[in-house]
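Taking it in order: structure first as structure tokens, then the write-up.
The figures here come from the full heavy-atom set of this structure, side chains too, leaving out hydrogens, waters and symmetry mates. To find a chain, count down the sequence lines: A is the first, B the second, and so on, and within it residues start at 1.
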There are 4 protein chains.
Amino acid sequence: MGSTSRRSDPDRRARIIATTLDVIAARGVHGATYRTISEAADVPLGSMTYHFPSRDDLVFAAFERFTEDLFSPLDTSTTGPDADEDPRERLVQMVVADGRDRQRDMVLLAELYVLAFREEHYAELMRQWMRRARAAITRQLPGVSAPVIDAVQEGLGLHRSLMPEDYTEDVVRRTLHALIPAPA
Amino acid sequence: MGSTSRRSDPDRRARIIATTLDVIAARGVHGATYRTISEAADVPLGSMTYHFPSRDDLVFAAFERFTEDLFSPLDTSTTGPDADEDPRERLVQMVVADGRDRQRDMVLLAELYVLAFREEHYAELMRQWMRRARAAITRQLPGVSAPVIDAVQEGLGLHRSLMPEDYTEDVVRRTLHALIPAPA
Amino acid sequence: MGSTSRRSDPDRRARIIATTLDVIAARGVHGATYRTISEAADVPLGSMTYHFPSRDDLVFAAFERFTEDLFSPLDTSTTGPDADEDPRERLVQMVVADGRDRQRDMVLLAELYVLAFREEHYAELMRQWMRRARAAITRQLPGVSAPVIDAVQEGLGLHRSLMPEDYTEDVVRRTLHALIPAPA
Amino acid sequence: MGSTSRRSDPDRRARIIATTLDVIAARGVHGATYRTISEAADVPLGSMTYHFPSRDDLVFAAFERFTEDLFSPLDTSTTGPDADEDPRERLVQMVVADGRDRQRDMVLLAELYVLAFREEHYAELMRQWMRRARAAITRQLPGVSAPVIDAVQEGLGLHRSLMPEDYTEDVVRRTLHALIPAPA
DNA sequence: GATGAATGAGCTTTCATTCAT
DNA sequence: CATGAATGAAAGCTCATTCAT
């Protein structure tokens, strides 16, 4: 089992981080041990601790990556509102998006909350992420309270992940429309 | 060291559960081991496994208790709306309430989400809790979408625990008022 | 391999301590790991940490035992000087004693010095031991400087363990006689 | 971080050895790893193993240096006895000398004993050192038993490092005077 | 019923050493 | 020459769980 040659493995570091996120999503931060990750990434155990001397270095790097990945599509979309479309619709679709990715994001989000409540550097990571998310919201929807929209969207997403049938696209749309005035 | 007499400890079971919740709040589900709890509750290690044969029995019992405790004030309050007061105000105060208890509840909530995403019986526990919370909301605010209100309130509470200054009482009030029509 | 039944192993604790001293003598404090000791004592690894939660607990217990064992023969000998014999002779024999035991004692002594220079509780253990040794010396040889005799005897013993031929019985006797006036 | 330029580091080898001795004094042979030393000496890890292929090469070189350093002042002092001074006094001062250096020497001595008891090449190193020390003693104090004086001085030094108040200058002087006849 | 003792499994981390560049 | 990257081995320690008493 394993790749033919492990020597000179460029971006091994990046692969370890990506794998870590997968393992956390699948088995929780608690289940993401050096061993489980090293097996999943097909990397020797000694290599893990070489690149990430402590487990927290690794977990933190993984969540840094998570917040970047999660944010970038939202950020790079358009620089300004799209004239042709109701910009509120993009938020609706974000909450309602289905599939593995969405569920995975919610799982990782909950894990990150747990860490943030316990250790300040994770709390700070979340705050940075929130600030960036708010900036993106403001760019799309000037004039609304971005903190509120962000929080509401997250609350809906979290609940929806447990009881999807109660948070249909329609419900989500009505909620967001009640909070955001229609564009001129 | 310890209590003078451990014999005849009537509600030891209940005390273990309460202590477990404390330990989870303080150190996470991960840090709530038989040992840490037995020390915190001043109960012999062997007694722990006697009352709760597996660790999950204990953790689950603790979260059952948590959802009951958290819900009861809201539930037992008044059976119907209070004529003298805007019923929306009670929700505002719930989100905005400060102090240890609120923070503790958010921490435990996040821990419970993590478990719910991983194991079905925790997911089911959360759903039951949500259903009860919605019933209480409906009782106070007939005609509103209780699922939405519950989700929004939770989203606000979670964000507020990380960035309190951005979710003032006023912000919360305005958000809820936008979603709930004023009582007649 | 091993004993037929490990359950109910009375004085397992004592056996672990004795084995630890053996392993330290054979392979140094550094080589006395939970694993090497558990194998030498035919005790499961988990049992080691049950009885001695930290490695230092174990090493310290071993050296406590060492200082007691080393001291007791000297202590319990006679309550007062023996009229028939020159009491200085006993000291000479202690230094000159041959065989595994003596070498082992010197090895353990050196290991203990290393610990004492680094951690106060070992330093204090050595001081207690020295005090008891001095008391025994004073009992046998009233009027002499017990601290000096103790130090000299140790210096001779240490050097003798490396270059035995240069510290014959005669050399040792002459040295001690020069420091201790002949009994009346 | 570190020195501005590591290039062209002439006596890097010597600096590594000196640093190794410092690290051993501070943290023991056990704590003197390639890593701790490379950091303390601000030398790349790869450079350590280049100059000293095995850890023992390094430790042994350090103790060779130690025995030379410790000996040289005694050796190079005067070629013969100083007419003006009681030569015994120099020994007294050596034992009684205070300060970091003395303590450090005792620590390193104990560490060296531990190695000497375990591996022959360290034992031989100590014997060579002892022979040189004896020659120096004989040069200063012709006619005395240098092995005895050396051993006694060491015993006093070792005990003094643990219980300084019991080995005052006076006690040490009296002891040595009892063993060494006054010069003519 | 209650509990101290016991233990196998597994975790994080450190380390000496090797080697491609 | 010099060195960063790599890695197998082993260390200290924690823990859920079992079980004899």
>> For F/dA11 and C/Y34 - does any side-chain N or O of the residue sit under 4.0 Å from the phosphate oxygens OP1/OP2?
In response: no
> Counting only side-chain N and O atoms of B/R35, is one of them less than 4.0 Å from OP1 or OP2 of F/dC15?
Replying inline: no
> Does E/dT14 pair with anything, Watson-Crick or G-U wobble, both distances under 3.5 Å, and if so, with which nucleotide?
Replying inline: F/dA9
>> Check D/R27 with D/E111, please: is the shortest side-chain N to carboxylate O separation under 4.0 Å?
In response: no
>> Using whole Å, what does the distance between atom P of nucleotide F/dC15 and atom CG of B/L58 come to?
In response: 14 Å
> Checking all strands, does D/T33 fall into the base, sugar-phosphate, or nothing category for heavy-atom contacts under 4.0 angstrom?
Replying inline: sugar-phosphate
> Under 4.0 Å between a side-chain N/O of B/H51 and OP1 or OP2 of E/dG1, yes or no?
Replying inline: no
> Is a side-chain N or O of A/T36 found less than 3.5 angstrom from the main chain of A/G31, in a donor-acceptor match?
Replying inline: yes
> CE of D/M48 versus C1' of F/dG4: gap in Å, rounded?
Replying inline: 15 Å
>> Without decimals, in angstroms, what is the distance between C/R15 CZ and E/dA6 P?
In response: 11 Å
> DNA chain F: C/D56 or B/T49, which has the more 5' nearest nucleotide?
Replying inline: C/D56
> Can you check the B/I16 CD1 to E/dT3 C1' distance for me, whole Å?
Replying inline: 12 Å
>> With a cut-off of less than 4.0 Å, is there a side-chain N or O of D/R55 near OP1 or OP2 of E/dT14?
In response: no
> Quick one: is F/dA6 close enough that its OP1 or OP2 comes under 4.0 Å of any side-chain N or O from A/R13?
Replying inline: no
> Want to settle it: does A/T36 or D/P53 sit nearer the 5' end of DNA chain E, counting the closest nucleotide to each?
Replying inline: A/T36
>> Would you call the rings of C/H121 and C/F60 parallel, tilted or perpendicular, taking 30° and 60° as the class edges?
In response: tilted
> Rounded to whole angstroms, how far apart are NE2 on C/H30 and P on F/dG12?
Replying inline: 9 Å
> Should the pair B/E124-B/R127 be classified as a salt bridge under the 4.0 Å nitrogen-to-oxygen rule?
Replying inline: yes
>> Under 4.0 Å, counting only non-hydrogen atoms across every strand here, what does A/S47 touch: a base, just sugar-phosphate, or nothing?
In response: base
> Within this structure, what is the CG-to-P distance between C/L45 and F/dG12, rounded to whole angstrom?
Replying inline: 9 Å
> Side-chain N or O of A/Y50 less than 4.0 angstrom from OP1 or OP2 on F/dA5?
Replying inline: yes
>> What is the distance, to the nearest angstrom, from the CG atom on B/D42 to the P atom on E/dG4?
In response: 11 Å
>> Rounded to whole Å, how long is the line connecting atom CZ of C/F52 with atom P of E/dT7?
In response: 14 Å
>> Please check if the number of heavy atoms outside D/H51 that lie under 6.0 Å from its NE2 is greater than 12.
In response: yes
>> Can you tell me the base-pairing partner of E/dT3? Count Watson-Crick or G-U wobble geometry only, both distances below 3.5 Å, and say none if there is no partner.
In response: F/dA20
